[in-house]
Amino acid sequence: MGLQVLPPSPKSAGPIRHRRYRDMRLTNYFLPVLRETPAEAQIASHRLMLRAGMIRQASAGIYSWLPLGFKVLRRLEQIVHEEQQRAGHIPLLMPTLQSADLWRESGRYDDYGEEMLRITDRQGREMLYGPTNEELITDIFRSAVGSYRDLPVTLYHIQWKFRDEMRPRFGVMRGREFLMKDGYNFDLTKEDALHAYNRHMVTYIRTYERMGLKAIPMRADSGPIGGDYTHEFLVLAPTGESEVFYDRAVTDLTLGNREIDFADREAVREICDTWTAPYARTDETHDAAVFEVVPEERRVVGRGIEVGQIFYFGTEYSEPMKAVVVNEAGERVPVHMGSHGIGVSRLVGALIEANHDDRGIIWPEGVTPFHVGIVNLKQGDGEADAACEALYSGLKARGLDPLYDDRDERAGGKFATMDLIGLPWRITVGPRGLKNGVVELTSRRTGESEEMSPEAAIDRCAQIYAGL
RNA sequence: CGGAGUGUAGCGCAGCCUGGUAGCGCACCUGCUUUGGGAGCAGGGGGUCGGAGGUUCGAAUCCUCUCACUCCGACCA
């Protein structure tokens with residue numbers, strides 16, 4: 001046999017496929033969905049995150065975030081940043097590894113126990129992977145601030161934490177490594193610090209609301225962090241770890257998109273009063289006698305997932321760590337502090353627990369990894385392909401982030417994938433509809449479909465996401 | 001950390017009891033036919049059976065040790 005010139009085959013045009021930056025066509029993306037559920041996953045969010053190709057377990061309680069999961073995580077971070085900065089809180093970034101010395105100073109190096117991952121570096125220095133950052137932030141503060149004139153200040157960051165849980169489980173809901181927003185306020189007086197506490201309560205309520213969650217502030221135990229004032233935020237979900245008792249009135253409250261002046265102490269406190277007035281407690285602080293006072297038809301016993309907690313702890317850290325400022329009278333006084341946390345990676349799980357059905361995830365519009373899924377029912381059909389391309393670029397031109405399923409798959413497979421990954425809106429494009437000049441816009445949540453022109457579908461999507 | 005389990009192909013599993021050199025479904029690759037809710041046929045690729053040691057002519061299978069992971073409990077963003 002001599003040299004043979006093979007004719008170019010349209011289906012194997014060569015091994016190299018060029019991937020365009022930020023091109024969200026499914027054939028150019030990385031979305032390893034699983035048809036079957038991995039055996040280790042017990043609860044819905046864990047199962048769905050694995051099946052939808054959002055995460056992959058690296059070791060017990062430690063996960064890689066695959067592109068789809070990473071996108072959601074980033075979106076949640078963005079919302080947290082926006083809401084914190086709206087209230088005047090200042091972002092920074094502290095490291096994951098910390099020196100043991102600081103923790104000896106606060107006395108927590110020995111108190112924290114086995115949950116703290118301790119590491120020794122090559123010089124024999126004792127380090128630890130931070131489970132939280134009170135010590136480090138206090139050190140930063142005290143070395144930079146000396147006068148009451150520099151107060152108040154609230155600093156926060158979003159950083160990975162590690163707590164060596166005895167028994168990690170439920171996927172990202174109870175991992176050992178987790179992403180957390182933690183913030184710390186430094187104030188001259190208790191009153192100032194309580195205003196910071198209230199500010200955080202309001203920002204948290206708004207943060208969860210934007211994510212499409214019903215999160216209720218509940219009076220909590222302060223635990224190892226200490227302090228008298230603390231609230232936990234619980235997302236209602238039947239699979240929650242904590243039993244919760246609340247007055248139905250609290251779930252009717254909505255903060256909405258109203259303008260809030262965070263400098264106005266009265267206004268901020270009023271919102272907090274409104275939200276904390278109805279009875280709402282976890283099993284840890286539940287008081288049956290007080291609960292009885294709530295009219296029976298409004299009493300609800302359910303389950304919840306803790307997704308945040310705020311503390312005021314006064315001078316508990318500033319005293320031992322000598323975080324002091326000089327006040328107006330020239331005296332050195334310890335600052336009043338509080339800390340506030342949102343479990344960002346855990347929220348991804350909580351969101352799914354609260355928003356799914358037997359076919360998959362149902363993302364709220366505020367957090368969805370992609371705004372709209374485009375399903376081409378007849379890939380390779382010139383007209384269908386062209387219509388999808390037009391929709392895709394039309395949606396992008398309106399500032400939306402579509403995911404175009406351009407795989408050479410059957411309709412059933414494409415629908416199943418879309419349902420699984422839970423994009424709230426889907427545009428279905430097929431020859432049958434195109435004959436009449438229409439595509440189909442479908443809500444993942446209700447399953448309702450409506451036929452309309454491609455232009456109208458783009459308009460509707462732009463409308464849905466306006467302001468989110 | 002106490003108790004109970006499981007490690008065999010990317011995922012779900014069978015084979016182990018009774019040793020004879022690895023199989024099924026899905027996924028993947030090729031071709032043809034199909035194509036509005038997870039197609040059909042034909043062909044194909046992929047696993048040193050978690051690891052180490054031992055018993056044996058021969059080990060996925062029996063024994064010992066070890067590692068990893070999961071579930072129940074106590075603990076926790």
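In this text, all values refer to a predicted model and were calculated from it rather than measured experimentally. Throughout, a chain's letter reflects where its sequence line sits, starting with A, and its residues are numbered from 1.
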For G36(B), does either OP1 or OP2 sit under 4.0 Å from a side-chain N or O belonging to R432(A)? no
Assign G413(A) to base, sugar-phosphate, or nothing according to its heavy-atom contacts below 4.0 angstrom with the strands shown. base
Listed in order of residue number, which residues of residues 435-460 of chain A have a non-hydrogen atom at under 4.0 Å from RNA chain B? E440(A)
Taking a pair to mean Watson-Crick or G-U wobble geometry with both distances below 3.5 Å, U56(B) pairs with none
Are side-chain N/O atoms of Q309(A) and T230(A) paired as donor and acceptor at under 3.5 Å? yes
Specify the residues of residues 64-77 of chain A, ordered by number, for which at least one heavy atom lies under 4.0 angstrom from an atom of RNA chain B. none
Residue set satisfying ring pair (Phe, Tyr, Trp, His ring centres under 6.0 Å) with Y246(A), at least two apart, ordered chain then number -> none
Counting the atoms with a prime plus P, OP1 and OP2 as sugar-phosphate, which does D419(A) contact under 4.0 Å by heavy atoms, base, sugar-phosphate, or nothing? base
Taking the C1' atom in each of G12(B) and G38(B), what is the distance between them to the nearest angstrom? 16 Å
Sugar-phosphate means primed atoms, P, OP1 and OP2; the rest is base. With that split, encode nucleotides 70-75 of chain B 5' to 3' as B, S or - using protein heavy atoms under 4.0 Å. SBBBBB
Who pairs with H286(A) by ring pair (Phe, Tyr, Trp, His ring centres under 6.0 Å), at least two apart in sequence or on another chain? F245(A), Y279(A), F291(A)
Selection residues 344-375 of chain A - residue pairs positive for ring-ring contact (aromatic ring centres under 6.0 Å, His included), sequence neighbours left out: Y29(A)-F370(A), H371(A)-Y465(A)
If we take the P atom in both A39(B) and C49(B), what is their distance in whole Å? 35 Å
Strictly below 4.0 Å: does R35(A) bring a side-chain N or O up to OP1 or OP2 of A27(B)? yes
Taking only residues two or more places apart in sequence, or in another chain, which ones meet M94(A) in a side-chain contact (heavy atoms from CB on, under 4.5 Å)? L92(A), N133(A), L136(A), I137(A), I140(A), H157(A), Y184(A)
Run the side-chain contact (heavy atoms from CB on, under 4.5 Å) test against A39(A) and tell me which residues pass, sequence neighbours left out. none
Sequence neighbours excluded, which residues qualify as side-chain hydrogen bond (donor to acceptor under 3.5 Å, both in side chains) partners of K378(A)? none
Among residues at least two apart in sequence or on other chains, which ones pass ring pair (Phe, Tyr, Trp, His ring centres under 6.0 Å) with F170(A)? none
Contacts of type ring pair (Phe, Tyr, Trp, His ring centres under 6.0 Å), residue F415(A), not counting sequence neighbours: none
Rounded distance in Å between the C1' positions of G5(B) and G43(B): 41 Å
Taking salt bridge (Lys or Arg N to Asp or Glu O under 4.0 Å) as the definition, give me every residue that meets it alongside E450(A), ordered by chain and number, with sequence neighbours left out. R460(A)
